[in-house]
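Got a structure for you, questions after.
Scope of the values below: all heavy atoms of this structure, side chains included, with no hydrogens, waters or symmetry mates.
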Amino acid sequence: MNRLIEKTAPVREIRLKAGIAHGGTAASAAEEYRRGCLHLASRSFTQTSGCQFMLSLALLNTFLKAVIILHGPVGCGTCSIAHVGAMKTFKRLRSPGSEGLVFLNTNLSESDVIGGGEKKLKEAILFAEAEFKPELIMVAIGCVPSLIGDDVDSVADSLKGEIAAKVVPIHCAGFKTKVMATAYDDVYHGLLTRVLPPAPGSPESGAEEARRKIARSRAVNIINVTSMSRADELELARLVSALDLDPKVVVCYAGAEGIADSLASGLNVSVCGTHDDWFLEHLQKIHGMPFILDTMPVGPRNTSRWLRKIAGFFGRESEAESLIASEEAALEEAVAPFREGFRGKKAFLAGGELRVIVTAELLRYLGLEIAGIKGHHFDRFALPALEQLDGDGETAFLVATQQPFEHVNMAKRLRPDVFVGHSGGNNITAKLGIPLFPLFQPSMQYMGYAGAFDVARRLERSLANGSFNRNLAEKRPLPFRESWYAKSPFAYIKAGDGEEAASAGKRRAHAGIRAAAAADAAACGRGLAKARAVSVSSGGEAGAPGGGEGPRSAPLTASAASGSGRAKAPAAGNGRAKAPAAGKGRAKAPAAKAATAGKNGKEFGAAVPARPTAKGGKGRPLGTDAASARAKAAAVKALLAGVAAPSRAGAGRGKEDCGCGCGCGGTSKRSRGRRTSA
């Protein structure tokens, strides 16, 4: 089916079954995604989220010789004003003499909402053509014109032959999706349908196609992303050139001609599947261009994997191995002095799903521990990256687009030594007194082997200079109540299975929660049970297909078949909740063995059947063993439920109880859908 006949790309909730709500571990997130219910999960309370309109503008802002028209009411998209100076700098790093950001707004009024905004849009397009003479006029269509039904495509078609610029409608209304990464699909959909030349075989394409075939033998397109610096691009181009190939960096920071010339290559190579899949899959379907969409080249392991994929396509495996051995040896020597200072340090990462996972792998290579990860959303592109991440899926994993109330709760409990993230999370984390390190920055280097060294160098400085953040925490506290910090950060996340789950299973899950909480309170002699537990019974296991499911707000703890295992509040102040006989602070189910064998025995994105590992054992994709995933989730959820909660010994239950079944004494009706604590 040719999806390009549609005006816009489908939302990622439908196309990729992407989800934006999960609290647990990497293994439990993978399990829920494979079960097909993660994209149905939601929240009974939400505090800010992402908008694909803004993310579309971030990508549109990179194009050269372009005018962006924000088709919407006054104020919509004005965040782009902050990018004007920066975009001019970034563009000139690639193309000296290029202009900065040029954008207009149709400023729809109340009368336009009634009568339509097509007339204003046409006037804006004609003004852009006369005033700036651009190659591209990109029309970012906001919520209001989408709701009232402005036919932007017809307006664009009516101006063909009247103006020289190509008018590209981008259907990126924020309301149509909760997964803001859909923005990339919408922008690339516009390029595919309005900027790139016709498909081979059409009357207009013959001469162009013949010219392109000449250049395809060794040419490689490196598909860049908006967050890449020029130094990142040069590093990846250097590595590809070392394989005796001809690299070309596109399509960000390119004009109409540069975008069209991207077809004159033999291979498209992605650096971020989240960013590129819609674009590359259609370039293959329509123009026959093969592509590699596997991992992001951040850190030595993923950079080496990225290079091997490219070399394998062109039959240059021996050259790749020689290059990788040399680069990895040089990098190891360069970062060795930093490792002593990083030993024992913990990092909490937040940002785009793929970026945070590969960066976590880099930090582990440098010697840091990973306290937790927060991804903006979760889909199939996280799975192969998780396969490369050391560990067995026990890393705390939150899926949330923004949601600062969950973010700060989790960060406060995990107590990291450094937070790695970007705008939207940095400011609130700084007020916890935690040193910051940017997850990406268009003016800094992160990718390839040189990028790994640069991260180590800058990270050392960030860890050594945390006084500003400590002072900020003392002077500018966050606005959240102490009662919120006493809750699980996942308290408002609702199960993806929805309300249609069997009521009997729900009753059993709620009963288990209350029983476990009562036992916790009695055992530790405290007035507040910090850990919630779900008792697992043979007939109604929470989360089992057909067995019903308790609310996702209840951190799952592993238990025996009789449901006896429960998390306990820490007694020694070591910040770890313990399950009986688990050892080392990790709750384990007796029958829940790790489904993987050895470091290389884990697979995240492939088929469910086990495959031989590098050690000759059998491996199973992380998250496919439900019991094992719940067992691993237990330790992390118990940790999050028991660490850094305010001391409230002897406090009564009632006034600030959340009522969501966590064992604090409330009823299940009090907080459902209400802003009770955050």
Do you know which two heavy atoms are closest between Ala350 and His407, and how far apart they sit?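 Looking at all heavy atoms of both residues, the closest pair is CB-CE1, 3.9 Å.
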
Of all heavy-atom pairs between Val167 and Arg194, which one has the smallest distance, and what is that distance?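 That closest heavy-atom pairing would be O-CD, 3.7 Å.
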
Shortest non-hydrogen contact from Cys272 toward Val225: CB-CG1, 3.9 Å

Hey, is the main chain of Val195 close enough, under 3.5 Å, to the side chain of Lys166 for a donor-acceptor pair?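 Side chain of Lys166 to backbone of Val195, a donor-acceptor pair under 3.5 Å: yes, one is there.
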
Do other residues, nucleotides or ligands put more than 12 heavy atoms under 6.0 Å from the CD atom of Glu99?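 Atom CD in Glu99 is not crowded, with 12 or fewer foreign heavy atoms closer than 6.0 Å.
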
Is the side chain of Ser270 donor-acceptor paired with the backbone N or O of Ile292 at a distance under 3.5 Å, no angle test? no

Is there a donor-acceptor pair under 3.5 Å between the side chain of Gln445 and the backbone N or O of Asp232?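 Not a single qualifying donor-acceptor pair exists.
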
Any Pro169 side-chain heavy atom under 4.5 Å of Asp153 side chain: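 Side-chain contact under 4.5 Å: yes.
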
Evaluate side chain to side chain donor-acceptor pair (under 3.5 Å) for Thr182 paired with Asp185, printing each intermediate quantity in order. CA-CA 5 Å; Thr182 302; Asp185 305 341; 4.9 Å; no

Would you call Val187 and Phe63 a side-chain contact if the rule is heavy atoms closer than 4.5 Å? yes

Drop me the distance from Leu307's CG to Leu239's CG, to the nearest 0.5 angstrom. 5.0 Å

Heavy-atom side-chain proximity of Glu13 to Thr177 below 4.5 angstrom: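 Heavy-atom side-chain distance check passes, below 4.5 Å.
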
About how many Å separate CG of Leu60 and CE of Met87, when rounded to the nearest 0.5 Å?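 CG of Leu60 is found 10.5 Å from CE of Met87.
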
Is Glu257 atom CD crowded by more than 12 heavy atoms from other residues, nucleotides or ligands, each under 6.0 Å away?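 Open: at most 12 neighbouring heavy atoms sit under 6.0 Å from CD of Glu257.
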
Does Lys309 NZ have over 12 foreign heavy atoms under 6.0 Å away? no

Could you give me the CA-CA distance, side-chain angles and deciding distance for Arg43 and Glu406, then say whether salt bridge (charged side-chain N to carboxylate O under 4.0 Å, His left out) is met? CA-CA 11 Å; Arg43 288 175 170 81; Glu406 293 176 346; 2.8 Å; yes

Plane angle bin for Phe440 and His422 - parallel if under 30°, tilted between 30 and 60°, otherwise perpendicular: tilted

Within the side chain of Lys374, is there an N or O that forms a donor-acceptor pair under 3.5 Å with the backbone of Gln402? yes

What is the distance from atom CG of Leu93 to atom OG of Ser443, rounded to the nearest 0.5 Å? 9.5 Å

Distance-only polar pair, side chains of Thr8 and Lys176, donor-acceptor under 3.5 Å: yes

Would Thr295 and Asn302 count as a side chain to side chain donor-acceptor pair (under 3.5 Å) if you check the C-alpha gap in whole Å, the side-chain angles of each, and the deciding distance to 0.1 Å? CA-CA 7 Å; Thr295 189; Asn302 283 291; 2.8 Å; yes

Please confirm whether the backbone N or O of Asp151 pairs with a side-chain atom of Glu118, one donor and one acceptor, at under 3.5 Å? yes

Apply side-chain contact (heavy atoms from CB on, under 4.5 Å) to the pair Glu32 and Arg35, showing each step before the final yes or no. CA-CA 5 Å; Glu32 287 197 20; Arg35 283 168 48 197; 4.2 Å; yes

Taking the side chain as every heavy atom from C-beta outward, state whether Lys120 and Leu108 have any atom pair closer than 4.5 Å. yes

Evaluate side-chain contact (heavy atoms from CB on, under 4.5 Å) for Leu283 paired with Leu280, printing each intermediate quantity in order. CA-CA 5 Å; Leu283 285 178; Leu280 299 189; 4.2 Å; yes

So, for Ala264 and Ala219, which heavy atoms are closest and what is the spacing to 0.1 Å? O-CB, 3.9 Å

Is any side-chain heavy atom of Leu70 closer than 4.5 Å to a side-chain heavy atom of Leu57? yes

Do Val11 and Val179 have side chains that approach each other closer than 4.5 Å (heavy atoms only, starting at C-beta)?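 In short, these two side chains do not touch, never coming nearer than 4.5 Å.
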
Can you check whether Glu233 reaches Met228 side chain to side chain, under 4.5 Å on heavy atoms? yes

If we only count heavy atoms from C-beta on, is the His189 to Leu4 side-chain gap below 4.5 Å? yes

Can you tell me if Lys65 has over 12 outside heavy atoms packed within less than 6.0 Å of its NZ? no

Are Arg355 and Tyr446 in a cation-pi setup, meaning NZ or CZ lies under 6.0 angstrom from the ring centre and within 45 degrees of the ring axis?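 Arg355 over Tyr446 ring: yes.
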
Looking at every heavy atom in both Ile69 and Leu121, which two are closest together, and how far apart are they? CG2-CD1, 4.1 Å

side-chain contact (heavy atoms from CB on, under 4.5 Å) against Glu281, all qualifying residues, sequence neighbours excluded: Asp277, Phe291, Arg380

For Val249, is there any backbone N or O sitting under 3.5 Å from a side-chain donor or acceptor partner on Asn224?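 Looks like no, no N/O pair under 3.5 Å.
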
From CA spacing to verdict: side-chain contact (heavy atoms from CB on, under 4.5 Å), Val220, Phe314: CA-CA 10 Å; Val220 177; Phe314 290 98; 3.5 Å; yes

Output for pair (His71 NE2, Asp112 CG), nearest 0.5 Å, gives 8.5 Å

For a quick test of reading the model, state the closest non-hydrogen atom pair linking Thr106 to Ala124 and the distance between them. CG2-CB, 4.1 Å

Check the orientation of Tyr184 and His275. Use parallel for under 30°, tilted for 30 to 60°, and perpendicular for over 60°. tilted

Taking Lys248 for its side chain and Asp261 for its backbone only, find out whether a donor-acceptor pair lies under 3.5 Å. yes

Can you tell me how far the NE2 atom of His376 sits from the CD atom of Gln403, to the nearest 0.5 Å? 10.5 Å

Keeping the roles fixed (side chain from Arg94, backbone from Tyr253), state whether a donor-acceptor pair exists under 3.5 Å.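 Looks like no, no N/O pair under 3.5 Å.
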
When you measure from the side chain of Asn105 to the backbone of Cys76, do you find a donor-acceptor pair of N or O atoms at a distance under 3.5 Å? yes

Any sub-3.5 Å donor-acceptor pair from Glu135's side-chain atoms to Ala256's backbone N or O? yes

side-chain contact (heavy atoms from CB on, under 4.5 Å) between Tyr188 and Leu196, worked out: CA-CA 10 Å; Tyr188 282 131; Leu196 288 171; over 6 Å; no

Hey, what do you get for NE2 (His39) to CG (Asp379), rounding to the nearest 0.5 Å? 12.0 Å

